[in-house]
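Working notes, structure below.
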Amino acid sequence: MNEAVGVDVANPPMATDVSWGRPDRRRTLQLALAALWFLDAVLQLQPFMFTRSFGQLMLGPTARGNPGAIAHSITDISRSIGHHSVGANTVFVLVQFLIAFGIAYRPTVRLALAGSVVWSLMVWWLGEGLGGVLAGTASPLTGAPGAVILYAVLAVLLWPTDRGRTEAPFTAARPVGIRAAKVVWFVIWATMAAVALFGSPTRHPSNLLSGMGAGEPGWLAALNHHAADLVAGRGSMVAVIVGVVLVGVALGVFLPAVPARALVAVAVVVGLAVWVVGEDFGTIFSRSATDPNSGPLLVLLAVAYWPIRHAAPGPVVAG
Amino acid sequence: MSEPAWILDFFAAVMLTVSAYCAARLATARRLRRTLHYDVNVAHVAMGMAMAGMLSPPLNLLPDTFWEVCFAGLAAWFTWRSASFVARHGLTGRSSDHVHGVSHYLTHLVMSGSMLYMYVTGVPAAAHNATGIVMGPARGTADFVALPLVFIVVLSVSAVWHTDALTRFTPVRVAAATRTGGATTVVITATGGPEGGRWLAPRLETGCHVAICVAMVFMLVLVL
């Protein structure tokens, strides 16, 4: 394909190399992250988000149970958003579209990833009440420690730079190094395990799941009810099983490649199961979802840690 | 619960612009002897007009049956094109041209299917409700949401994938320029695309595709 344009210039411009490379594994993951931001932005365009109820009924309640200073800040901002619902939501939509297309457009990928970290931390605090971790309302079955914090983590792990002299064993290690990447993985999954084992909600999974079906399609509501019936009266056992599985996943990255790959695969399955059964696809069908929730992000995170088979030892990968 | 009217009007205006621009591309490409995805631009014209009509009832000038036949035809066309491409080149291939070829037809098949889905399930009727700007769940689809969810995922991925490919068409400044007197003539040539030939404004074509994806995902989310 050629588009020829002749121009006369007094001083010739520098020749530029804009050879276009097919997206590698990390770039593909960045594009998946951008697609999730894109979906966030579109979901934010739903009618409910432009009403006062979005601030007061969706954001405000996340203050409950949090320490005073955090709760006050959430209450204040949710009230303010409620009073300026159309303007505030329009800004939210624009920011999320900018992040999505900024990551997708190669010249702006760094700027957009950096912006997404800042935005994610703000939303995690003011929009999700720190994922309910400090409030005691969190459960990994429903998205703890909060979907939006995973956006920030992924932005860092998919940062387009390389650290280290050898080829990274998995994509997430490229920008931060192997040790730091493994610590990040451990902290995320160990936090989920701790919340599952010691938090109250996971010990009452039947309540969590039976309350999920409202507003969902019949088949999904039925799935919720079946799952709730299955775990009814077995809350402690469920909490222990979930906790043990999550601890295993957390430790997986410290194992040799073969068991590590198996446990990362378990992480993918956990992410999908949480998304379908615990999160009802992020309640996307109930017309009140602001994002697809943590399930797809956990899967994306797991893929970023999938051990890579290197054909032979090679030089440092640039860029 | 209704969407703010200005959002629907904004998307309707964008869709009309896209539709008019793609129609202009079709008209000028042959005259300028430039290469074009004719089928894609025809599809963009139709989708832009149809979605503008869904978003803003005064722009809905043609009967729903016309659009249903139109998008069924486009879906059949892109199905045939996809099958022909796979039959000629196989399903797998590592070159970017092969990936582009497969995804190109399949994406437009999904887009045509999405439009057909919205018409068949009665979205335009929903769009006409009450104030004329209300869009609600598609008729009788409360328990049949897997298909639009697939559409949403495919179109979201397509929007970011095509944005990523925008730099593929960034002009390359050829260093070997001819110097004439004090001035230098430099030929700027767009880098490669999926096929040979002189392409008509590939970045704008990509921009139209992304805009249609955004509007379509927006509408599918509203009618889930």
Side-chain angles (χ1 to χ4, degrees), chain A residues 1-23 27-28 30-39 41-43 45-48 50-51 53 86 89-90 93 97 100-107 109 216-220 281 284-287 289, chain B residues 1-4 7 34-35 94-96 99 135 137 142-145 149 152-153 156-157 159-175 177 179-180 182-202 210 214 217-218 221-222 224:
Chain A
M1 173 189 314
N2 289 300
E3 180 185 355
V5 183
V7 291
D8 290 328
V9 290
N11 298 301
M14 294 290 291
T16 54
D17 179 14
V18 287
S19 55
W20 191 85
R22 188 181 169 193
R27 182 61 186 151
T28 303
Q30 287 173 354
L31 293 176
L33 183 64
L36 289 171
W37 276 110
F38 175 86
L39 194 52
V42 177
L43 289 171
L45 279 167
Q46 294 174 103
F48 175 76
F50 288 95
T51 64
S53 300
V86 173
N89 196 55
T90 303
V93 170
F97 269 129
F101 286 116
I103 295 172
Y105 187 55
R106 295 186 181 191
V109 62
E216 303 294 346
W219 60 271
L220 194 51
F281 297 94
I284 199 171
F285 304 125
S286 66
R287 302 166 67 81
Chain B
M1 193 177 297
S2 62
E3 193 76 16
I7 290 182
R34 304 290 281 272
T35 312
R94 291 199 60 81
S95 77
S96 59
V99 172
M135 294 187 68
D143 285 343
F144 186 63
V145 289
L149 184 63
I152 288 170
V153 171
S156 300
V157 170
V160 298
W161 194 265
H162 278 81
T163 305
D164 174 64
L166 274 174
T167 47
R168 189 180 190 189
F169 308 111
T170 302
V172 174
R173 290 170 172 83
V174 178
R179 183 173 289 275
T180 320
T184 305
T185 300
V186 180
V187 177
I188 299 177
T189 310
T191 52
E195 294 111 32
R198 298 172 66 209
W199 212 260
L200 181 63
V210 172
V214 172
V217 173
F218 165 67
V221 165
L222 286 188
L224 269 176

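Residue numbers start from 1 in every chain, and the chains themselves are labelled A, B, ... in the order their sequence lines are given, proteins ahead of strands.
B:V221 has its side chain out of reach of A:L45: every pair of non-hydrogen atoms, C-beta onward, lies at least 4.5 Å apart.
For B:T167 against A:Y105, the heavy-atom pair with the smallest separation is CG2-CE1, 3.8 Å. Here the closest heavy-atom approach between residue A:F50 and residue B:P4 is recorded as CG-CG, 3.6 Å. When all heavy atoms of B:V160 and A:L31 are compared, the pair lying nearest together is CG2-O, 3.5 Å. The minimum heavy-atom distance between B:L222 and A:Q46, with the atom names listed, is CD2-CA, 4.2 Å. Considering every non-hydrogen atom in both A:F281 and B:L149, the closest pair reads CD2-CD2, 4.2 Å.
Heavy-atom distances place both the backbone and the side chain of A:I284 under 4.5 Å from chain B. B:V214 touches chain A through backbone and side chain together, each having a heavy atom under 4.5 Å away. Contact annotation for A:V86: only side-chain heavy atoms (C-beta onward) come within less than 4.5 Å of a heavy atom of chain B.
The candidate with the highest count of non-hydrogen atom pairs below 4.5 Å against chain B, out of A:P107, A:A35, A:A289, A:A32, is A:A35.
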Go through A:F38 and B:V157 one step at a time and tell me if the side chain to side chain contact (heavy atoms under 4.5 Å, CB included) criterion holds. CA-CA 9 Å; A:F38 175 86; B:V157 170; over 6 Å; no
